[in-house]
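Notes to accompany the following structure.
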Amino acid sequence: MAEVATDQLQVWVDQDLCTGDGLCVQYAPEVFEFDVDGLAYVKGADGELRLAPGSRVDVPEHLRLEVIDSAKECPGECIHVVRGSDGVEVAGPEAEED
């Protein structure tokens, strides 16, 4: 798990699985936001929602734990946190459990 601490992380939301529960928006409102459809989307550093399916944004360093916790706690299991260097999922439904 040490490589996670230094690697740039990216996050994306699978809207097909999103339950609209809102845990992610509570954990990291700088990264996640609801759209008018009631589903969560990721936001870029510019604050703009990324509406295209599978759109990834970089995770701000100071929000790494919040974003990882969002992925782990999400009832819809729709948040994917991946390492930027190799695309390996570190949190979310496809992450390998330690």
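Under the 4.5 Å side-chain contact rule for hydrophobic residues, L63 and V57 share a cluster. Criterion: ILVMFWY side-chain heavy atoms under 4.5 Å apart, direct or through other members. Under it, Y27 and V11 are not part of a common hydrophobic cluster. Hydrophobic clustering keeps V82 apart from I68 (ILVMFWY residues linked when any side-chain heavy atoms are closer than 4.5 Å, directly or through intermediates). Each of L23 and F34 belongs to its own hydrophobic cluster when Ile, Leu, Val, Met, Phe, Trp and Tyr are linked at side-chain heavy-atom distances under 4.5 angstrom. V31 and W12 are not part of a single hydrophobic cluster, where members link through side-chain heavy atoms under 4.5 Å apart.
In this structure, I79 CD1 and E73 CD are separated by 10.0 Å, a value rounded to the nearest 0.5 Å. Taking CD of E77 as the reference point, atom OG1 of T19 lies at 10.5 Å (rounded to 0.5 Å). Atom-to-atom distance recorded for E66:CD and E30:CD is 9.0 Å, nearest 0.5 angstrom. Between E89 atom CD and E94 atom CD the span is 5.0 Å, to the nearest 0.5 Å. Rounding to the nearest 0.5 Å gives a distance of 9.0 Å between NZ of K72 and CG of L65. Note that the CD atom of Q8 and the CZ atom of R83 stand 13.0 Å from one another [nearest 0.5 Å].
Here the shortest heavy-atom pairing between L39 and C18 reads CD2-O, 3.7 Å. Here the closest heavy-atom approach between residue Y41 and residue R50 is recorded as CD2-O, 3.6 Å. Nearest heavy-atom pair across S55 and V42 is O-CG2, 3.5 Å. The minimum heavy-atom distance linking A40 with C24 is given by the pair CB-SG, 3.6 Å. A pairwise comparison of heavy atoms in E33 and L49 identifies CB-CD2, 3.6 Å as the closest pair. The shortest non-hydrogen separation linking V67 to A28 is CG2-CB, 4.1 Å.
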